[in-house]
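Just so you know, residue 1 is the first one in the sequence shown, and it goes up from there. Quick caveat: nothing in here was measured; it's all calculated off a predicted structure. Just so you know, these numbers use all the heavy atoms, side chains as well, and skip hydrogens, waters and symmetry mates.
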Amino acid sequence: MGALATAGLRPVFIQNRKFIGSKQSLLDFILQVVAEVCPDTCSALDPFAGSGVVAWALASCGMQVTAADHLFSNYAAARAFLTTHPGNASQTRLAESLAALNRLPGCPGYAAEHYGGAYFTVENAARIDSIRDQIAAWAGAGELTRQEELVLITSLLYAADKVANTCGQYDAFMKHMGHAPYRSDGTHLVDAMVYRPLELGMPHSLPGGERHRVICADANRVVAGVEADLLYLDPPYNTRQYVDNYHVLENIARWDRPPLVGKTRKFARDQLKSRYSSRVHAGDALQELIAAARCRHLLLSYNNEGIIPDETILAAMERRGPVQVFSADYPVFGHGAGRARRRPVVERLFYCRVIR
């Protein structure tokens with residue numbers, strides 16, 4: 001604690017990231033259903049971890065949690081928040097490292113060349129370069145444990161997301177950097193946070209991190225190989241690929257510095273695209289996953305705008321046992337022409353008590 005106080009680091013919490021489909025606002029609903037239908041649950045598997053907030057919430061309830069995601073950026077963050085403990089990371093070294101990284105001047109490189117003046121200010125993109133290079137150098141020299149490296153990468157991802165010139169996803173950047181945040185007619189031009197200097201904070205890790213596990217792999221492969229009391233499923237709902245929405249953070253996390261193409265500056269990422277975002281393949285992928293599930297309780301979160309028909313979901317789950325459906329209304333933000341609009345969405349939790 002002394003090192004943290006000396007470093008003056010702000011805490012960073014798992015929900016402090018802008019993430020499409022995050023269940024942060026629905027956690028009470030999800031946990032209420034879990035408590036009602038499977039109060040005896042001791043272990044849980046979340047193979048579509050995404051932002052990680054549900055895995056965190058289940059772990060906070062005392063469950064032993066396995067989380068997984070096929071994007072490295074999501075995997076790194078889940079590792080940082082869920083599995084950091086004194087046996088794999090020194091809080092003193094983390095605090096000292098974060099403080100040193102915050103003192104680094106910007107050194108224009110790959111991020112500044114490709115993302116400066118677009119997704120970030122030139123100054124913040126240059127800071128991303130110097131910070132990410134330093135993390136890689138420390139890791140390469142053996143000065144960090146793997147867990148410490150992932151915590152530092154996560155801190156950078158959250159700091160970058162906070163100052164990004166986007167509306168919460170990276171499929172495109174806002175085109176008015178240098179302007180005031182809003183026009184007089186209310187059109188959102190640029191987030192005021194974009195102009196703030198990038199600042200790293202300390203990811204707030206969950207106590208008891210040695211009990212949990214995080215895997216970077218395809219959800220269907222994970223489900224076939226991991227047994228748990230509760231299987232919580234939160235697959236993508238629509239045809240927008242998550243790697244397209246978060247390609248910038250994925251690229252920073254991996255730091256392979258591949259060639260980028262197009263106005264939105266994306267890297268080749270076909271191997272990171274999900275079948276669950278394909279109208280042709282999503283239903284088959286879900287049926288395969290449910291058939292392979294090794295659990296006593298199966299809970300699927302899928303809203304009324306999803307691309308998989310309810311009949312497909314129900315048929316797949318009913319092959320494993322009796323099904324109940326719980327629902328909750330909640331508003332979400334959609335973006336169009338720079339204007340944020342609320343629209344009503346119904347979140348459904350499909351629950352199956354697995355008996356076969």
Next item on the list: Mark yes or no for whether Arg320, through its side chain, and Ile355, through its backbone, hold a donor-acceptor pair below 3.5 Å.
Entry: no
Margin query: Using every non-hydrogen atom in the two residues, find where Leu31 and Leu58 come nearest and quote the distance to one decimal.
Written below: CD2-CD2, 4.0 Å
Notebook entry, point to check: Going by heavy atoms in the side chains, are Asp310 and Asn304 under 4.5 Å from each other?
Noted result: no
Check: Rounded to the nearest 0.5 Å, what separation is found between the CD atom of Gln64 and the CG atom of Asp229?
Finding: 9.5 Å
Margin query: Assess the residue pair Thr84 and Gln91 against the criterion (side chain to side chain contact (heavy atoms under 4.5 Å, CB included)); give the C-alpha distance rounded to whole Å, side-chain angles, the decisive distance to 0.1 Å, and a yes or no.
Written below: CA-CA 9 Å; Thr84 300; Gln91 289 296 307; 3.9 Å; yes
Note to self: As an exercise, state the distance from CD1 of Ile153 to OH of Tyr75, rounded to the nearest 0.5 Å.
What the structure shows: 10.0 Å
Margin query: Between Arg275 and Asp218, does any side-chain N to carboxylate O distance fall below 4.0 Å?
Written below: no
Margin query: For the CG atom of Leu272 and the CZ atom of Arg269, what is their distance to the nearest 0.5 Å?
Written below: 9.0 Å
Next item on the list: Measure the shortest side-chain to side-chain distance between Pro11 and Met202 over non-hydrogen atoms and say whether it is less than 4.5 angstrom.
Entry: no
Next item on the list: May I ask whether Val223 and Ile308 are part of the same hydrophobic cluster, defined by side-chain heavy atoms of I, L, V, M, F, W, Y residues being less than 4.5 angstrom apart, directly or through others?
Entry: yes
Next item on the list: For residues Leu299 and Leu231, determine if any side-chain heavy atom of one lies less than 4.5 Å from a side-chain heavy atom of the other.
Entry: no
Next item on the list: Any chance you could measure Gln241, atom CD, to Leu71, atom CG, to the nearest 0.5 Å?
Entry: 9.0 Å
Checklist line | Thr41 side chain vs Ser43 backbone, donor-acceptor pair below 3.5 Å | finding: no
Margin query: Looking at Arg353, I want to see if its CZ is surrounded by more than 12 non-hydrogen atoms of other residues, nucleotides or ligands under 6.0 Å.
Written below: no
Check: Which atom names give the shortest non-hydrogen contact between Glu305 and Pro344, and what distance separates them?
Finding: OE2-O, 4.5 Å
Checklist line | Minimum-distance pair of heavy atoms, taken over all atoms of Leu82 and Ala67 | finding: CD1-CB, 4.1 Å
Note to self: Please determine whether residues Leu249 and Met193 belong to a single hydrophobic cluster, defined as Ile, Leu, Val, Met, Phe, Trp and Tyr linked transitively by side-chain heavy-atom distances below 4.5 Å.
What the structure shows: no
Next item on the list: List for me each residue that meets salt bridge (Lys or Arg N to Asp or Glu O under 4.0 Å) alongside Asp191, sequence neighbours excluded, and say none if there are none.
Entry: none
Item checked: ring pair (Phe, Tyr, Trp, His ring centres under 6.0 Å) pairs, two or more places apart, involving residues 123-146 -> none
Margin query: A quick test of your reading: do over 12 heavy atoms of other residues, nucleotides or ligands sit less than 6.0 Å from CG of Asp28?
Written below: no
Next item on the list: Please name all residues satisfying side-chain contact (heavy atoms from CB on, under 4.5 Å) with Pro309, sequence neighbours left out, ordered by chain then number.
Entry: Glu311, Thr312
Next item on the list: Answer yes if Val65 and Val37 sit in the same cluster of Ile, Leu, Val, Met, Phe, Trp and Tyr residues linked by side chain heavy atoms under 4.5 Å apart, and no otherwise.
Entry: yes
Next item on the list: State, yes or no, whether a side-chain contact exists between Leu233 and Leu289 at a heavy-atom distance under 4.5 Å.
Entry: yes
Notebook entry, point to check: Same cluster for Leu314 and Tyr351 if Ile/Leu/Val/Met/Phe/Trp/Tyr side chains link at under 4.5 Å?
Noted result: no
Notebook entry, point to check: Does some side-chain heavy atom of Ile14 sit less than 4.5 Å from a side-chain heavy atom of Pro203?
Noted result: no
Next item on the list: Only pairs at least two apart or in different chains count here, so list each ring pair (Phe, Tyr, Trp, His ring centres under 6.0 Å) that has a residue in residues 205-241.
Entry: Tyr237-Tyr302
Checklist line | Lys266 side chain near Asp171 side chain, heavy-atom distance below 4.5 Å | finding: yes
Next item on the list: Check side-chain contact (heavy atoms from CB on, under 4.5 Å) between Ser22 and all other residues, then give those that pass, not counting sequence neighbours.
Entry: Phe19, Gln24, Ser51, Val53
Item checked: ILVMFWY cluster, Val243 and Ile20 together (side-chain gap under 4.5 Å) -> yes
Next item on the list: Just jot down the salt bridge (Lys or Arg N to Asp or Glu O under 4.0 Å) partners of Arg240, sequence neighbours excluded, or say none.
Entry: none
Check: Shortest non-hydrogen contact from Glu250 to Ser73?
Finding: OE1-OG, 2.6 Å
Item checked: Partners passing side-chain contact (heavy atoms from CB on, under 4.5 Å) against Tyr195 (at least two apart in sequence or in another chain) -> Thr121, Met177, Val190
Notebook entry, point to check: Taking it one step at a time, do Thr66 and Val214 satisfy side chain to side chain contact (heavy atoms under 4.5 Å, CB included)?
Noted result: CA-CA 6 Å; Thr66 299; Val214 180; over 6 Å; no
Check: Closest approach of Ala118 and Arg265, non-hydrogen atoms and distance?
Finding: CB-NH1, 3.4 Å
Item checked: Point-to-point distance, once rounded to the nearest 0.5 Å, from OG of Ser90 to CD of Glu148 -> 6.0 Å
Margin query: So, using side-chain contact (heavy atoms from CB on, under 4.5 Å) as the criterion, who are the partners of Asp256 when residues are at least two apart?
Written below: Arg254, Pro258
Check: Where do Gly201 and Leu98 come nearest, in terms of heavy atoms and distance?
Finding: O-CD1, 3.6 Å
Check: So, does Asp129 use its side chain to make a donor-acceptor pair with the main chain of Ala112 at under 3.5 Å?
Finding: yes
Note to self: For Phe173, give me all partners under ring-ring contact (aromatic ring centres under 6.0 Å, His included), at least two apart in sequence or on another chain.
What the structure shows: Tyr119
Checklist line | The single option from Arg211, Arg213, Gln147 passing side chain to side chain donor-acceptor pair (under 3.5 Å) against Thr83 | finding: Gln147
Checklist line | Whether Arg10 side chain and Glu199 backbone form a donor-acceptor pair below 3.5 Å | finding: yes
Checklist line | Phe326: ring-ring contact (aromatic ring centres under 6.0 Å, His included) partners, not counting sequence neighbours | finding: none
Item checked: Pairs where residues 149-166 contributes a residue and the test side chain to side chain donor-acceptor pair (under 3.5 Å) is met, not counting sequence neighbours -> Arg146-Glu149, Asp161-Tyr170
Item checked: Contact list for residues 253-281, test ring pair (Phe, Tyr, Trp, His ring centres under 6.0 Å), sequence neighbours left out -> Phe48-Tyr276, Tyr110-Trp255
Item checked: Arg127 charged N/C atom sitting above Phe120 aromatic ring, 6.0 Å / 45° -> no
Notebook entry, point to check: Does any N or O in the side chain of Thr264 come within less than 3.5 Å of the main-chain N or O of Ala172, such that one atom is a donor and the other an acceptor?
Noted result: no
Notebook entry, point to check: Going by heavy atoms in the side chains, are Leu349 and Val33 under 4.5 Å from each other?
Noted result: yes
Checklist line | Short N-O contact, Lys23 and Asp46, less than 4.0 angstrom | finding: no
Next item on the list: For the pair Thr239 and Ser278, evaluate side chain to side chain contact (heavy atoms under 4.5 Å, CB included) and give the outcome as yes or no after the intermediate values.
Entry: CA-CA 6 Å; Thr239 58; Ser278 163; over 6 Å; no
Note to self: As an exercise, state the distance from CD1 of Ile290 to CD of Glu318, rounded to the nearest 0.5 Å.
What the structure shows: 10.5 Å
Note to self: Set out, in order, the CA-CA distance, both residues' side-chain angles and the distance that settles side chain to side chain contact (heavy atoms under 4.5 Å, CB included) for Val34 and Met63, then state yes or no.
What the structure shows: CA-CA 12 Å; Val34 169; Met63 298 182 200; 3.7 Å; yes
Next item on the list: Answer yes or no: is there a donor N or O on one side and an acceptor on the other, between the side chain of Asn16 and the main chain of Phe13, under 3.5 Å?
Entry: yes
Check: Can you check whether Arg183's main-chain N or O pairs, donor with acceptor, with Thr187's side chain at less than 3.5 Å?
Finding: no
